[in-house]
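The block underneath contains the structure these notes are about, expressed in structure tokens.
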2 protein chains.
Amino acid sequence: MLNSYSTADKVLLAVDCIIFGFDEDGLKILLIKRDFEPEKGKWSLMGGFLKKEEVLDDAAIRVLNTYTGLQDIYMEQLYTYSEIDRDPVERTVSVAYYALINIENHNAELIQNYHAKWFSVSEVPKLIFDHDNMLSHAIRRLRYRTSMRPVGFELLPEKFKMSQLLKLYESILDKQIDKRNFISKINSLDILIKLDEKDMTSSRKGSYLYTFDKEKYDAKLLNHFALNF
Amino acid sequence: MLNSYSTADKVLLAVDCIIFGFDEDGLKILLIKRDFEPEKGKWSLMGGFLKKEEVLDDAAIRVLNTYTGLQDIYMEQLYTYSEIDRDPVERTVSVAYYALINIENHNAELIQNYHAKWFSVSEVPKLIFDHDNMLSHAIRRLRYRTSMRPVGFELLPEKFKMSQLLKLYESILDKQIDKRNFISKINSLDILIKLDEKDMTSSRKGSYLYTFDKEKYDAKLLNHFALNF
DNA sequence: TCTTTAAATGTAATTTTAACACTTAATTAT
DNA sequence: ATAATTAAGTGTTAAAATTACATTTAAAGA
């Protein structure tokens with residue numbers, strides 16, 4: 001009988017977390033070296049099982065915290081993977097989540113203690129199970145999302161140079177963007193605040209720092225602003 | 001222990017199917033009247049449980065077939081819903097799928113026999129559980145998808161009038177579209193074949209029929225064509 | 001032959017995008 | 001002190017895409 005709750009099969013439900021970060025080397029992703037079987041010692045996404053009294057969004061937050069110490073990271077659901085043998089131990093369906101975070105803000109030490117490591121997305125090692133697939137799916141989603149609304153907020157430090165924002169976009173979209181066109185397009189969105197402060201570390205002239213104007217950003221989100229580079 | 005397969009909770013995993021159709025009244029959705037508890041007699045999406053040796057995509061196809069007789073409908077995964085009490089009987093996580101189908105091609109009789117019924121999306125009754133939420137999510141997705149690539153293929157009959165295609169777009173996007181701009185934009189995509197045949201049923205002058213050029217469409221899909229109305 | 005009805009068709013103004021290169025400010029080296 | 005170096009900063013123009021907008025056409029029915 002199709003709809004008998006009592007006879008229906010139950011399965012293990014897992015979550016896997018894809019965490020993007022950004023630094024001077026470009027776009028990065030956070031991985032852990034598995035300390036348990038199967039595939040012990042291999043690189044993997046942070047994953048774990050859903051609990052009976054837990055919502056998937058919360059499970060993703062909990063699992064990420066367990067493996068990295070990262071707190072209260074807001075993640076978006078990506079896709080649910082259900083290939084029969086995706087996990088060799090037992091049939092497990094996995095719901096992938098992804099998030100964008102600021103590497104600097106999120107204590108590198110803590111991540112060290114937990115054996116997590118940042119990898120450039122262009123140099124990701126072979127991952128366990130179907131995690132490669134999840135990752136490439138997440139990158140596609142991130143690219144799409146970037147074309148729908150600005151992404152800098154989550155990935156950049158509080159104060160950043162225009163050239164960092166440009167580099168972030170170039171990393172995500174994996175292409176060169178004309179500096180002048182980029183700046184005028186970003187400025188036309190009117191969501192950045194130019195500070196009086198300059199960053200003197202990377203050039204003789206120094207470069208102005210910016211912050212996001214969260215209020216204006218939120219106001220515009222409702223209107224679905226789009227960027228097309 | 002976080003990663004012990006043996007002690008992890010297992011949950012019921014369901015699929016729910018959101019089927020869109022289109023006819024002279026506009027955009028429609030297929031619902032069934034539940035013939036089992038709970039919520040017997042209420043309108044609902046077609047849903048059922050995942051089997052142990054089954055992939056989610058296949059489960060969605062099977063469940064849809066069981067309730068409607070529809071065969072081999074390709075569905076896309078939408079989102080996974082996991083609120084604790086979303087199903088009052090037992091904790092059930094549900095993966096929603098959606099598809100676009102041609103109402104005429106899919107035998108109304110068969111659907112009758114199975115107690116399924118088409119509803120205009122603007123006149124959908126209250127649905128069980130969180131199915132309203134799934135539906136509104138699916139409509140959002142359909143709108144987005146429509147702005148990314150043409151949708152007519154799946155929803156229209158083999159041969160159709162330009163005015164039907166226009167109406168389809170207006171139904172999905174829920175706004176008026178200028179006829180001349182629509183036609184020139186569609187034509188610029190170069191994926192329609194204008195037939196010599198005319199449909200004489202709706203006007204004295206008659207209107208030319210079109211079909212999709214599947215080859216050109218597939219070729220362009222690779223280039224991610226976008227429409228912006 | 002006049003009326004009716006939906007179908008079919010084109011242009012001009014505006015906005016957006018894309019391509020493109022030189023100047024500036026400050027430090028460092030001679 | 002002056003010349004060289006380096007990243008930062010800045011505008012214009014051409015092309016393409018989008019939007020707004022109104023009349024004519026083909027056939028049937030009165």
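Numbers restart at 1 for each chain; the letters A, B, ... are given by sequence-line order, proteins then strands.
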* Quick one: on DNA chain C, does B:I183 or A:K205 contact a more 5' nucleotide (nearest heavy atom)? -> B:I183

* Asked: Ignoring hydrogens and angles, does a donor from either the side chain of B:K179 or the base of C:dA8 sit under 3.5 Å from an acceptor on the other?
  -> yes

* **Spacing of A:D178 atom CG relative to D:dT13 atom P, expressed in whole Å** => 17 Å

* Asked: Given atom CD of B:Q176 and atom P of D:dA20, what is their separation to the nearest angstrom?
  -> 13 Å

* Asked: For A:L195 and D:dG9, what is the distance between atoms CG and P respectively, to the nearest whole Å?
  -> 12 Å

* Structure fact -> By nearest-nucleotide position on DNA chain C, the 5'-leaning member of A:M200 and B:M162 is B:M162

* Specify the separation, in whole Å, of atom OH of A:Y208 and atom C1' of C:dA25. => 10 Å

* Tell me what B:S163 touches on the nucleic acid: a base, only sugar-phosphate, or nothing, going by heavy atoms under 4.0 Å. => sugar-phosphate

* To do: Decide whether a cation-pi geometry holds between A:K214 and A:F153; the criteria are a distance under 6.0 Å from NZ or CZ to the six-membered ring centre and an angle within 45° of the ring axis.
  => yes

* Asked: Does B:K220 count as lying over the ring of B:Y217, i.e. NZ or CZ under 6.0 Å from the six-ring centre, within 45 degrees of the axis?
  -> no

* Asked: Is A:S202 touching bases, backbone alone, or none of the nucleic acid, heavy atoms closer than 4.0 Å?
  -> sugar-phosphate

* Asked: Between A:R204 and A:K194, which is nearer to the 5' end of DNA chain D once each is assigned its nearest nucleotide?
  -> A:R204

* To do: Please determine if B:K194 forms a cation-pi arrangement with B:Y210, meaning its NZ or CZ atom is less than 6.0 Å from the six-membered ring centre and no more than 45° off the ring axis.
  => no

* Could you please spell out the steps behind the salt bridge (Lys or Arg N to Asp or Glu O under 4.0 Å) verdict for B:K161 and B:E197? => CA-CA 10 Å; B:K161 298 184 292 176; B:E197 207 175 333; over 6 Å; no

* Asked: Please give, in whole Å, the distance from D:dG9 C1' to A:L165 CG?
  -> 16 Å

* d(CG, A:N181; P, D:dG11) in whole Å -> 14 Å

* To do: Take the protein atom CG of A:L209 and the nucleotide atom P of D:dA8, then report the distance between them rounded to whole Å.
  => 11 Å

* Considering only side-chain heavy atoms of A:S203, which listed nucleotide, C:dA7, D:dA22, D:dA7, is closest? -> D:dA7

* Find the distance A:D199:CG to C:dA26:C1' and express it as a whole number of Å. => 14 Å

* **A:Y114, OH: over 12 other non-hydrogen atoms inside 6.0 angstrom** => yes

